[in-house]
Amino acid sequence: MPLLTARNLYKSFDGTGVLKGISLDVDKGEVLTVIGPSGSGKSTLLRCMTQLEAVDRGEISVCGETLVKTGENQSAVYSDRAACRRIALHIGLVFQNFNLFPHFSVLRNIAEAPMHVLGKKKAEAEASAMELLKKMELSDKADFYPCQLSGGQQQRVSIARALAMNPDLLFFDEPTSALDPELTGEILKVIRDLAAEHMTMVVVTHEMAFARDVADQVVFMADGVIVEQGTPEQVFANTQSERTKAFLSRFNES
Amino acid sequence: MNYTVLLSQMLQATLMSLRIFFSTLLFSVPLGLLVAAGRRSKVKAVNLPVRFYILLMRGTPLMLQLLFIFYGLKPLTGIQLDRVAAAQVAFLLNYAAYFAEIFRGGIDAVPAGQYEAARVLGFTKRQTFFRIVLPQVCKMILPPMSNEFINLVKDTSLAQVIGVTELLRVTSDWVSSAVSMAPFAIAAVFYLLMNAVVTRCFTVAEARMNYYR
Ligand SMILES: Nc1ncnc2c1ncn2[C@@H]1O[C@H](COP(=O)(O)OP(=O)(O)OP(=O)(O)O)[C@@H](O)[C@H]1O
Ligand SMILES: [Mg+2]
(Lines give C-alpha, C1' and ligand atoms only; values in the text may rest on other atoms or scores of the structure.)
(Ligands and ions follow the chains in the order given, each with its own letter.)
Protein backbone atom coordinates (compact mmCIF):
# COMPACT_ATOMS: atom_id res chain seq x y z
CA MET A 1 0.00 0.00 0.00
CA PRO A 2 1.36 3.45 -0.90
CA LEU A 3 2.42 5.77 1.90
CA LEU A 4 0.71 8.69 0.21
CA THR A 5 -2.22 8.55 -2.15
CA ALA A 6 -3.75 11.51 -3.87
CA ARG A 7 -6.76 11.14 -6.15
CA ASN A 8 -8.35 13.74 -8.37
CA LEU A 9 -7.26 16.78 -6.41
CA TYR A 10 -8.92 20.02 -7.40
CA LYS A 11 -8.07 23.42 -6.06
CA SER A 12 -8.89 26.86 -7.33
CA PHE A 13 -8.15 30.37 -6.13
CA ASP A 14 -10.85 32.95 -6.82
CA GLY A 15 -12.42 30.75 -9.49
CA THR A 16 -9.13 30.06 -11.28
CA GLY A 17 -8.28 26.38 -11.35
CA VAL A 18 -4.78 25.71 -10.09
CA LEU A 19 -5.01 21.96 -9.53
CA LYS A 20 -7.28 20.22 -12.03
CA GLY A 21 -7.44 16.56 -11.12
CA ILE A 22 -4.07 15.52 -9.77
CA SER A 23 -3.54 11.88 -8.79
CA LEU A 24 -0.35 10.28 -7.57
CA ASP A 25 1.00 7.56 -5.30
CA VAL A 26 4.18 7.56 -3.30
CA ASP A 27 5.46 4.27 -1.95
CA LYS A 28 7.48 3.86 1.19
CA GLY A 29 11.13 4.61 0.57
CA GLU A 30 10.40 6.18 -2.78
CA VAL A 31 11.58 9.56 -4.05
CA LEU A 32 9.16 11.43 -6.28
CA THR A 33 10.32 14.58 -8.03
CA VAL A 34 7.90 17.12 -9.40
CA ILE A 35 9.00 19.32 -12.27
CA GLY A 36 7.14 21.84 -14.37
CA PRO A 37 6.97 25.47 -15.42
CA SER A 38 6.40 28.29 -13.00
CA GLY A 39 2.76 28.67 -12.01
CA SER A 40 1.85 25.10 -12.90
CA GLY A 41 0.63 24.43 -9.35
CA LYS A 42 3.55 22.50 -7.85
CA SER A 43 3.67 24.51 -4.64
CA THR A 44 -0.09 24.45 -4.35
CA LEU A 45 -0.02 20.66 -4.63
CA LEU A 46 2.53 20.43 -1.81
CA ARG A 47 0.60 22.91 0.29
CA CYS A 48 -2.58 20.87 -0.12
CA MET A 49 -0.81 17.68 0.90
CA THR A 50 0.74 19.36 3.96
CA GLN A 51 -2.60 20.91 5.02
CA LEU A 52 -1.46 24.48 4.46
CA GLU A 53 -4.26 24.75 1.90
CA ALA A 54 -7.54 22.86 1.73
CA VAL A 55 -8.47 21.11 -1.51
CA ASP A 56 -11.84 21.83 -3.10
CA ARG A 57 -12.36 18.19 -3.98
CA GLY A 58 -10.41 14.96 -4.12
CA GLU A 59 -8.92 12.34 -1.86
CA ILE A 60 -5.71 12.29 0.10
CA SER A 61 -4.59 9.57 2.43
CA VAL A 62 -1.35 9.23 4.31
CA CYS A 63 -0.05 6.08 6.00
CA GLY A 64 -3.40 4.40 5.46
CA GLU A 65 -5.37 7.17 7.12
CA THR A 66 -7.79 9.34 5.17
CA LEU A 67 -7.14 13.07 5.34
CA VAL A 68 -9.83 14.15 2.93
CA LYS A 69 -12.33 12.57 0.60
CA THR A 70 -14.92 13.82 -1.81
CA GLY A 71 -18.37 14.06 -0.29
CA GLU A 72 -21.77 13.55 -1.85
CA ASN A 73 -22.15 17.06 -3.22
CA GLN A 74 -18.70 16.89 -4.85
CA SER A 75 -17.02 18.96 -2.17
CA ALA A 76 -14.09 17.99 0.01
CA VAL A 77 -14.82 16.40 3.37
CA TYR A 78 -11.90 16.52 5.78
CA SER A 79 -11.43 14.06 8.62
CA ASP A 80 -11.79 15.30 12.18
CA ARG A 81 -9.17 17.50 13.79
CA ALA A 82 -7.48 14.66 15.63
CA ALA A 83 -7.00 12.70 12.43
CA CYS A 84 -5.72 15.75 10.55
CA ARG A 85 -3.23 16.32 13.32
CA ARG A 86 -2.09 12.70 13.39
CA ILE A 87 -1.54 12.88 9.65
CA ALA A 88 0.31 16.18 9.93
CA LEU A 89 2.72 14.55 12.35
CA HIS A 90 3.64 11.97 9.71
CA ILE A 91 4.67 14.75 7.36
CA GLY A 92 7.54 17.22 7.19
CA LEU A 93 7.96 20.17 4.83
CA VAL A 94 11.09 22.03 3.83
CA PHE A 95 10.41 25.49 2.44
CA GLN A 96 12.09 27.35 -0.35
CA ASN A 97 13.02 30.21 1.97
CA PHE A 98 13.73 28.05 5.04
CA ASN A 99 11.33 29.82 7.44
CA LEU A 100 13.61 29.21 10.40
CA PHE A 101 12.58 30.86 13.66
CA PRO A 102 14.92 33.87 13.82
CA HIS A 103 14.72 34.32 17.60
CA PHE A 104 15.79 30.75 18.36
CA SER A 105 19.31 29.37 18.19
CA VAL A 106 19.99 26.64 15.64
CA LEU A 107 19.72 24.00 18.36
CA ARG A 108 16.45 25.37 19.65
CA ASN A 109 15.00 25.63 16.14
CA ILE A 110 15.48 21.88 15.88
CA ALA A 111 14.60 20.84 19.44
CA GLU A 112 11.58 23.11 20.03
CA ALA A 113 8.95 21.03 18.21
CA PRO A 114 10.11 17.63 19.52
CA MET A 115 9.92 19.10 23.04
CA HIS A 116 6.65 20.97 22.84
CA VAL A 117 4.76 19.00 20.22
CA LEU A 118 5.98 15.46 20.89
CA GLY A 119 6.63 16.07 24.58
CA LYS A 120 10.22 14.87 24.54
CA LYS A 121 12.52 15.75 27.42
CA LYS A 122 14.84 18.67 26.81
CA ALA A 123 18.01 16.62 27.14
CA GLU A 124 16.71 13.98 24.79
CA ALA A 125 15.47 16.50 22.21
CA GLU A 126 18.75 18.38 22.28
CA ALA A 127 20.80 15.22 22.01
CA SER A 128 18.95 14.16 18.88
CA ALA A 129 19.16 17.72 17.56
CA MET A 130 22.94 17.57 17.99
CA GLU A 131 23.00 14.26 16.17
CA LEU A 132 21.09 15.75 13.26
CA LEU A 133 23.40 18.76 13.21
CA LYS A 134 26.35 16.41 13.03
CA LYS A 135 24.75 14.68 10.09
CA MET A 136 24.28 18.08 8.43
CA GLU A 137 27.92 18.93 9.22
CA LEU A 138 26.82 21.85 11.37
CA SER A 139 27.87 20.67 14.83
CA ASP A 140 29.82 23.86 15.43
CA LYS A 141 26.80 26.05 14.67
CA ALA A 142 24.42 24.80 17.37
CA ASP A 143 24.49 28.07 19.31
CA PHE A 144 24.38 30.34 16.28
CA TYR A 145 21.28 32.23 15.21
CA PRO A 146 19.81 31.73 11.73
CA CYS A 147 20.87 35.24 10.66
CA GLN A 148 24.49 34.26 11.27
CA LEU A 149 24.38 31.38 8.77
CA SER A 150 24.71 31.16 5.00
CA GLY A 151 21.63 30.23 2.98
CA GLY A 152 22.89 26.71 2.49
CA GLN A 153 23.51 26.30 6.21
CA GLN A 154 20.07 27.69 7.02
CA GLN A 155 18.48 25.24 4.62
CA ARG A 156 20.37 22.36 6.24
CA VAL A 157 19.11 23.49 9.64
CA SER A 158 15.57 23.55 8.31
CA ILE A 159 15.99 20.02 6.96
CA ALA A 160 17.28 18.96 10.38
CA ARG A 161 14.29 20.69 11.98
CA ALA A 162 11.91 18.68 9.79
CA LEU A 163 13.81 15.42 10.40
CA ALA A 164 13.74 15.95 14.15
CA MET A 165 10.01 15.17 14.09
CA ASN A 166 10.76 11.75 12.56
CA PRO A 167 8.41 12.19 9.62
CA ASP A 168 7.46 9.22 7.48
CA LEU A 169 7.24 11.49 4.49
CA LEU A 170 9.21 14.62 3.72
CA PHE A 171 8.19 17.30 1.21
CA PHE A 172 10.59 19.81 -0.32
CA ASP A 173 9.38 22.88 -2.19
CA GLU A 174 12.25 24.07 -4.35
CA PRO A 175 14.76 23.71 -1.54
CA THR A 176 17.58 25.26 -3.56
CA SER A 177 15.79 28.08 -5.38
CA ALA A 178 16.69 30.71 -2.81
CA LEU A 179 20.35 29.73 -2.82
CA ASP A 180 23.40 30.86 -4.77
CA PRO A 181 24.38 28.26 -7.36
CA GLU A 182 27.48 27.25 -5.42
CA LEU A 183 25.36 26.47 -2.34
CA THR A 184 22.83 24.41 -4.28
CA GLY A 185 25.12 21.39 -4.36
CA GLU A 186 25.36 21.03 -0.59
CA ILE A 187 21.58 20.84 -0.25
CA LEU A 188 21.20 18.41 -3.15
CA LYS A 189 23.82 16.21 -1.53
CA VAL A 190 21.86 16.15 1.73
CA ILE A 191 18.73 15.09 -0.15
CA ARG A 192 20.67 12.44 -2.05
CA ASP A 193 22.00 11.09 1.25
CA LEU A 194 18.47 10.95 2.63
CA ALA A 195 17.36 9.10 -0.49
CA ALA A 196 20.17 6.60 0.05
CA GLU A 197 18.74 6.02 3.53
CA HIS A 198 15.34 5.33 1.91
CA MET A 199 13.62 8.41 3.28
CA THR A 200 10.30 8.81 1.49
CA MET A 201 10.37 12.19 -0.23
CA VAL A 202 8.45 14.39 -2.64
CA VAL A 203 10.73 17.05 -4.08
CA VAL A 204 9.62 19.98 -6.23
CA THR A 205 12.67 21.22 -8.06
CA HIS A 206 13.94 23.16 -11.05
CA GLU A 207 17.24 21.23 -10.94
CA MET A 208 16.59 18.85 -13.83
CA ALA A 209 19.69 16.69 -13.56
CA PHE A 210 18.96 16.23 -9.88
CA ALA A 211 15.28 15.49 -10.53
CA ARG A 212 16.35 12.77 -12.95
CA ASP A 213 19.13 11.24 -10.88
CA VAL A 214 17.56 11.11 -7.45
CA ALA A 215 14.04 10.08 -8.44
CA ASP A 216 12.30 6.74 -8.53
CA GLN A 217 9.34 8.50 -10.07
CA VAL A 218 9.09 11.82 -11.93
CA VAL A 219 5.97 13.90 -12.40
CA PHE A 220 5.80 16.69 -14.96
CA MET A 221 3.06 19.21 -14.19
CA ALA A 222 1.71 21.99 -16.37
CA ASP A 223 -1.37 24.16 -15.90
CA GLY A 224 -2.62 22.18 -12.95
CA VAL A 225 -2.52 18.75 -14.51
CA ILE A 226 0.03 15.95 -14.62
CA VAL A 227 1.17 15.83 -18.21
CA GLU A 228 3.69 13.06 -17.86
CA GLN A 229 4.55 10.64 -15.12
CA GLY A 230 6.89 7.67 -14.84
CA THR A 231 10.40 6.54 -14.11
CA PRO A 232 13.18 9.05 -14.87
CA GLU A 233 13.99 7.07 -18.04
CA GLN A 234 10.40 7.25 -19.23
CA VAL A 235 10.05 10.95 -18.58
CA PHE A 236 13.50 12.18 -19.56
CA ALA A 237 14.62 9.72 -22.25
CA ASN A 238 11.32 8.44 -23.66
CA THR A 239 9.30 11.58 -23.42
CA GLN A 240 5.80 11.11 -24.82
CA SER A 241 4.05 14.48 -24.76
CA GLU A 242 5.05 17.51 -26.81
CA ARG A 243 4.49 19.76 -23.79
CA THR A 244 7.09 17.83 -21.78
CA LYS A 245 9.51 17.71 -24.70
CA ALA A 246 9.29 21.48 -25.08
CA PHE A 247 9.92 21.99 -21.38
CA LEU A 248 12.83 19.54 -21.25
CA SER A 249 14.45 20.84 -24.45
CA ARG A 250 15.42 24.02 -22.64
CA PHE A 251 17.14 21.95 -20.01
CA ASN A 252 18.85 19.67 -22.52
CA GLU A 253 20.30 22.67 -24.34
CA SER A 254 21.92 24.09 -21.25
CA MET B 1 9.97 80.46 48.76
CA ASN B 2 10.76 77.48 50.95
CA TYR B 3 12.64 75.04 48.75
CA THR B 4 12.38 72.15 51.19
CA VAL B 5 8.62 72.38 51.22
CA LEU B 6 8.52 72.97 47.45
CA LEU B 7 10.68 69.95 46.67
CA SER B 8 8.86 67.65 49.05
CA GLN B 9 5.49 68.65 47.57
CA MET B 10 6.81 68.22 44.05
CA LEU B 11 8.18 64.79 44.89
CA GLN B 12 4.87 63.85 46.42
CA ALA B 13 3.12 64.94 43.23
CA THR B 14 5.65 63.03 41.14
CA LEU B 15 4.66 59.88 43.00
CA MET B 16 1.07 60.52 41.90
CA SER B 17 2.24 60.94 38.29
CA LEU B 18 4.18 57.70 38.55
CA ARG B 19 1.17 55.95 40.04
CA ILE B 20 -0.88 56.88 36.98
CA PHE B 21 2.02 55.92 34.72
CA PHE B 22 2.49 52.44 36.17
CA SER B 23 -1.19 51.60 36.59
CA THR B 24 -1.74 52.57 32.95
CA LEU B 25 1.05 50.30 31.76
CA LEU B 26 0.01 47.44 33.97
CA PHE B 27 -3.52 47.31 32.57
CA SER B 28 -3.33 48.79 29.10
CA VAL B 29 -0.67 46.41 27.79
CA PRO B 30 -2.77 43.27 28.36
CA LEU B 31 -5.96 45.09 27.36
CA GLY B 32 -4.17 46.30 24.24
CA LEU B 33 -3.32 42.71 23.35
CA LEU B 34 -6.96 41.74 23.70
CA VAL B 35 -8.08 44.72 21.64
CA ALA B 36 -5.52 43.86 18.96
CA ALA B 37 -6.89 40.32 18.86
CA GLY B 38 -10.41 41.71 18.50
CA ARG B 39 -9.31 44.12 15.80
CA ARG B 40 -7.76 41.24 13.83
CA SER B 41 -10.80 39.03 14.26
CA LYS B 42 -12.63 38.18 11.06
CA VAL B 43 -15.95 38.16 12.92
CA LYS B 44 -17.69 41.45 12.10
CA ALA B 45 -19.57 41.53 15.41
CA VAL B 46 -16.19 41.61 17.19
CA ASN B 47 -14.13 43.57 14.74
CA LEU B 48 -16.52 46.50 14.15
CA PRO B 49 -17.10 47.53 17.79
CA VAL B 50 -13.36 47.22 18.42
CA ARG B 51 -12.61 49.47 15.47
CA PHE B 52 -15.14 51.99 16.77
CA TYR B 53 -13.53 51.90 20.21
CA ILE B 54 -10.08 52.52 18.72
CA LEU B 55 -11.42 55.38 16.60
CA LEU B 56 -13.10 56.93 19.63
CA MET B 57 -10.01 56.70 21.82
CA ARG B 58 -7.57 57.96 19.23
CA GLY B 59 -9.94 60.43 17.61
CA THR B 60 -10.95 62.46 20.66
CA PRO B 61 -8.71 64.38 23.06
CA LEU B 62 -7.48 62.48 26.08
CA MET B 63 -8.42 65.54 28.13
CA LEU B 64 -12.03 65.19 27.01
CA GLN B 65 -11.99 61.50 27.91
CA LEU B 66 -10.72 62.39 31.38
CA LEU B 67 -13.45 64.97 31.87
CA PHE B 68 -16.09 62.60 30.57
CA ILE B 69 -15.13 59.74 32.84
CA PHE B 70 -14.96 61.95 35.92
CA TYR B 71 -18.00 64.17 35.33
CA GLY B 72 -20.01 62.38 32.65
CA LEU B 73 -20.21 58.84 33.96
CA LYS B 74 -22.46 59.66 36.93
CA PRO B 75 -25.43 61.04 35.00
CA LEU B 76 -25.22 58.11 32.55
CA THR B 77 -24.52 55.15 34.81
CA GLY B 78 -24.70 56.38 38.35
CA ILE B 79 -21.07 55.44 38.93
CA GLN B 80 -18.90 58.13 40.46
CA LEU B 81 -15.19 57.34 40.41
CA ASP B 82 -12.84 59.34 42.61
CA ARG B 83 -10.41 61.64 40.84
CA VAL B 84 -7.45 59.29 40.75
CA ALA B 85 -9.48 56.25 39.74
CA ALA B 86 -11.17 58.24 36.96
CA ALA B 87 -7.74 59.33 35.68
CA GLN B 88 -6.47 55.76 35.78
CA VAL B 89 -9.48 54.44 33.88
CA ALA B 90 -9.26 57.16 31.23
CA PHE B 91 -5.53 56.60 30.67
CA LEU B 92 -5.92 52.86 30.55
CA LEU B 93 -8.69 52.99 27.96
CA ASN B 94 -6.87 55.56 25.88
CA TYR B 95 -3.46 53.90 25.87
CA ALA B 96 -4.88 50.42 25.27
CA ALA B 97 -6.18 51.70 21.93
CA TYR B 98 -2.76 53.01 20.90
CA PHE B 99 -1.00 49.88 22.13
CA ALA B 100 -3.50 47.69 20.30
CA GLU B 101 -2.65 49.34 16.99
CA ILE B 102 1.06 48.88 17.65
CA PHE B 103 0.56 45.21 18.58
CA ARG B 104 -1.60 44.66 15.52
CA GLY B 105 1.07 46.13 13.26
CA GLY B 106 3.69 43.92 14.90
CA ILE B 107 1.62 40.76 14.63
CA ASP B 108 0.83 41.45 10.97
CA ALA B 109 4.52 42.00 10.28
CA VAL B 110 5.48 38.45 11.28
CA PRO B 111 5.87 36.67 7.93
CA ALA B 112 3.26 34.08 6.95
CA GLY B 113 6.10 31.57 6.58
CA GLN B 114 6.61 31.60 10.36
CA TYR B 115 3.02 30.50 10.94
CA GLU B 116 3.30 27.90 8.19
CA ALA B 117 6.53 26.45 9.54
CA ALA B 118 5.02 26.26 13.02
CA ARG B 119 1.86 24.67 11.69
CA VAL B 120 3.68 22.00 9.70
CA LEU B 121 5.76 21.17 12.78
CA GLY B 122 2.56 20.58 14.71
CA PHE B 123 2.54 23.55 17.10
CA THR B 124 -0.92 24.49 18.29
CA LYS B 125 -2.22 27.99 17.58
CA ARG B 126 -1.56 28.96 21.15
CA GLN B 127 2.01 27.66 21.11
CA THR B 128 2.60 29.36 17.79
CA PHE B 129 1.45 32.69 19.18
CA PHE B 130 3.33 32.58 22.46
CA ARG B 131 6.51 30.80 21.35
CA ILE B 132 6.99 31.95 17.78
CA VAL B 133 4.99 35.11 17.08
CA LEU B 134 4.97 37.11 20.31
CA PRO B 135 8.75 37.14 20.88
CA GLN B 136 9.26 38.46 17.37
CA VAL B 137 6.50 41.03 17.85
CA CYS B 138 8.15 42.26 21.06
CA LYS B 139 11.33 43.02 19.24
CA MET B 140 9.58 44.83 16.41
CA ILE B 141 7.39 47.02 18.58
CA LEU B 142 10.09 48.30 20.95
CA PRO B 143 10.69 51.59 19.07
CA PRO B 144 7.01 52.60 18.78
CA MET B 145 6.36 51.45 22.35
CA SER B 146 9.16 53.63 23.67
CA ASN B 147 7.45 56.60 22.02
CA GLU B 148 4.21 55.77 23.75
CA PHE B 149 5.86 55.28 27.14
CA ILE B 150 7.53 58.67 26.85
CA ASN B 151 4.24 60.27 25.81
CA LEU B 152 2.55 58.67 28.78
CA VAL B 153 5.03 60.19 31.23
CA LYS B 154 4.17 63.62 29.87
CA ASP B 155 0.44 62.93 29.43
CA THR B 156 0.05 62.21 33.15
CA SER B 157 0.05 66.00 33.54
CA LEU B 158 -3.38 66.06 31.89
CA ALA B 159 -4.88 64.44 34.99
CA GLN B 160 -4.91 67.88 36.63
CA VAL B 161 -8.04 68.82 34.64
CA ILE B 162 -10.03 66.62 36.97
CA GLY B 163 -8.19 67.85 40.01
CA VAL B 164 -5.55 65.16 40.47
CA THR B 165 -2.58 66.68 42.25
CA GLU B 166 0.11 65.43 39.91
CA LEU B 167 3.46 67.05 39.25
CA LEU B 168 2.50 69.82 36.84
CA ARG B 169 -0.51 70.87 38.92
CA VAL B 170 1.58 71.35 42.05
CA THR B 171 4.22 73.11 40.00
CA SER B 172 1.88 75.70 38.51
CA ASP B 173 0.26 76.31 41.90
CA TRP B 174 3.70 77.18 43.24
CA VAL B 175 4.52 79.35 40.26
CA SER B 176 1.42 81.48 40.73
CA SER B 177 1.61 81.77 44.49
CA ALA B 178 5.36 82.33 44.81
CA VAL B 179 5.68 84.31 41.56
CA SER B 180 8.78 82.38 40.60
CA MET B 181 9.68 80.42 37.49
CA ALA B 182 11.96 78.07 39.40
CA PRO B 183 9.28 75.36 39.94
CA PHE B 184 8.84 75.12 36.14
CA ALA B 185 12.53 74.43 35.72
CA ILE B 186 12.47 71.85 38.46
CA ALA B 187 9.42 70.14 36.94
CA ALA B 188 11.16 70.02 33.57
CA VAL B 189 14.12 68.29 35.20
CA PHE B 190 11.79 65.79 36.92
CA TYR B 191 10.06 64.87 33.63
CA LEU B 192 13.39 64.65 31.88
CA LEU B 193 14.75 62.32 34.56
CA MET B 194 11.72 60.05 34.33
CA ASN B 195 12.01 59.89 30.57
CA ALA B 196 15.76 59.33 30.77
CA VAL B 197 14.99 56.22 32.81
CA VAL B 198 12.34 55.11 30.31
CA THR B 199 14.72 55.67 27.41
CA ARG B 200 17.48 53.77 29.19
CA CYS B 201 15.19 50.79 29.80
CA PHE B 202 14.29 50.65 26.12
CA THR B 203 17.91 50.96 25.04
CA VAL B 204 18.79 48.01 27.26
CA ALA B 205 15.80 46.02 26.00
CA GLU B 206 16.69 46.72 22.38
CA ALA B 207 20.28 45.72 22.97
CA ARG B 208 19.16 42.47 24.59
CA MET B 209 16.88 41.70 21.66
CA ASN B 210 19.64 42.48 19.23
CA TYR B 211 21.04 38.96 19.17
CA TYR B 212 19.09 38.08 16.07
CA ARG B 213 18.33 39.46 12.60
N1 LIG C 1 -2.94 31.98 -2.14
C2 LIG C 1 -3.15 32.15 -3.47
N3 LIG C 1 -4.13 32.99 -3.88
C4 LIG C 1 -4.36 33.18 -5.22
N5 LIG C 1 -3.68 32.55 -6.19
C6 LIG C 1 -2.70 31.71 -5.85
C7 LIG C 1 -2.38 31.46 -4.47
N8 LIG C 1 -1.36 30.58 -4.41
C9 LIG C 1 -1.06 30.29 -5.70
N10 LIG C 1 -1.85 30.95 -6.55
C11 LIG C 1 -1.83 30.86 -8.03
O12 LIG C 1 -1.82 29.51 -8.37
C13 LIG C 1 -0.99 29.28 -9.49
C14 LIG C 1 0.00 28.16 -9.18
O15 LIG C 1 0.88 28.62 -8.19
P16 LIG C 1 2.01 27.70 -7.56
O17 LIG C 1 2.74 28.53 -6.59
O18 LIG C 1 1.40 26.45 -7.06
O19 LIG C 1 2.92 27.38 -8.82
P20 LIG C 1 4.34 26.68 -8.87
O21 LIG C 1 4.23 25.59 -9.84
O22 LIG C 1 4.80 26.34 -7.49
O23 LIG C 1 5.26 27.82 -9.48
P24 LIG C 1 6.80 28.17 -9.16
O25 LIG C 1 7.62 27.21 -9.96
O26 LIG C 1 6.94 29.56 -9.66
O27 LIG C 1 7.01 28.04 -7.70
C28 LIG C 1 -0.33 30.59 -9.84
O29 LIG C 1 -0.98 31.15 -10.93
C30 LIG C 1 -0.55 31.43 -8.60
O31 LIG C 1 -0.70 32.77 -8.95
MG1 LIG D 1 6.36 27.02 -6.22
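Proteins get letters first, then strands, A, B, ... in listed order; numbering begins at 1 in each.
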### Query
Quick one: what part of B/Glu116 sits under 4.5 Å from any heavy atom of chain A, side chain, backbone, both or neither?
both
### Query
For B/Tyr115, is it the side chain, the backbone, both or neither that has a heavy atom under 4.5 Å from a heavy atom of chain A?
neither
### Query
With chain A, which of B/Lys139, B/Met209, B/Gln136, B/Arg131 has the greatest number of heavy-atom pairs at distances under 4.5 Å?
B/Arg131
### side chain to side chain contact (heavy atoms under 4.5 Å, CB included) assessment of B/Leu167 paired with B/Met194
CA-CA 12 Å; B/Leu167 177 56; B/Met194 286 189 272; 4.2 Å; yes
### Task
Please determine if A/Lys11 forms a cation-pi arrangement with A/Phe13, meaning its NZ or CZ atom is less than 6.0 Å from the six-membered ring centre and no more than 45° off the ring axis.
yes
#### Entry: Cation over ring face, A/Arg161 and A/Phe104, 6.0 Å, 45°
no
Sort [X] into side chain, backbone, both or neither according to what part of it lies under 4.5 angstrom from a heavy atom of chain B.
X	value
A/Arg81	neither
A/Phe171	neither
A/Phe95	side chain
A/Glu112	both
A/Ile91	backbone
A/Arg47	side chain

### Query
Parallel under 30°, tilted from 30 to 60°, perpendicular over 60°: which one fits the rings of B/Phe149 and B/Phe202?
perpendicular
### Query
How are the rings of B/Phe91 and B/Tyr95 set to each other: parallel, tilted or perpendicular (split at 30° and 60°)?
parallel
### Query
Among A/Ala113, A/Ala162, A/Gly92, A/Pro102, who wins on heavy-atom pairs under 4.5 Å with chain B?
A/Pro102
### Task
Quick one: pull up NZ in B/Lys154 and CG in B/Leu192 and give me the separation to the nearest 0.5 Å.
9.5 Å
### Query
CG of A/Asn109 to CG of A/Leu100: how many Å apart, nearest 0.5 Å?
5.0 Å
Evaluate the side-chain proximity of [Y] to [X]: yes if any heavy-atom separation is below 4.5 Å, no if none is.
X	Y	result
B/Lys42	B/Asn47	no
A/Val219	A/Ile35	no
A/Met165	A/Leu118	yes
A/Lys42	A/His206	yes
A/Gln217	A/Asp25	no
A/Asp56	A/Leu9	no
A/Val94	A/Ser158	yes

### Query
Does anything in residues 126-147 of chain A get under 4.5 Å of chain B by heavy atoms, and if so which residues?
A/Tyr145, A/Cys147
### Task
Could you list which of residues 56-69 of chain B have a heavy atom closer than 4.5 Å to any heavy atom of chain A, in residue-number order?
none
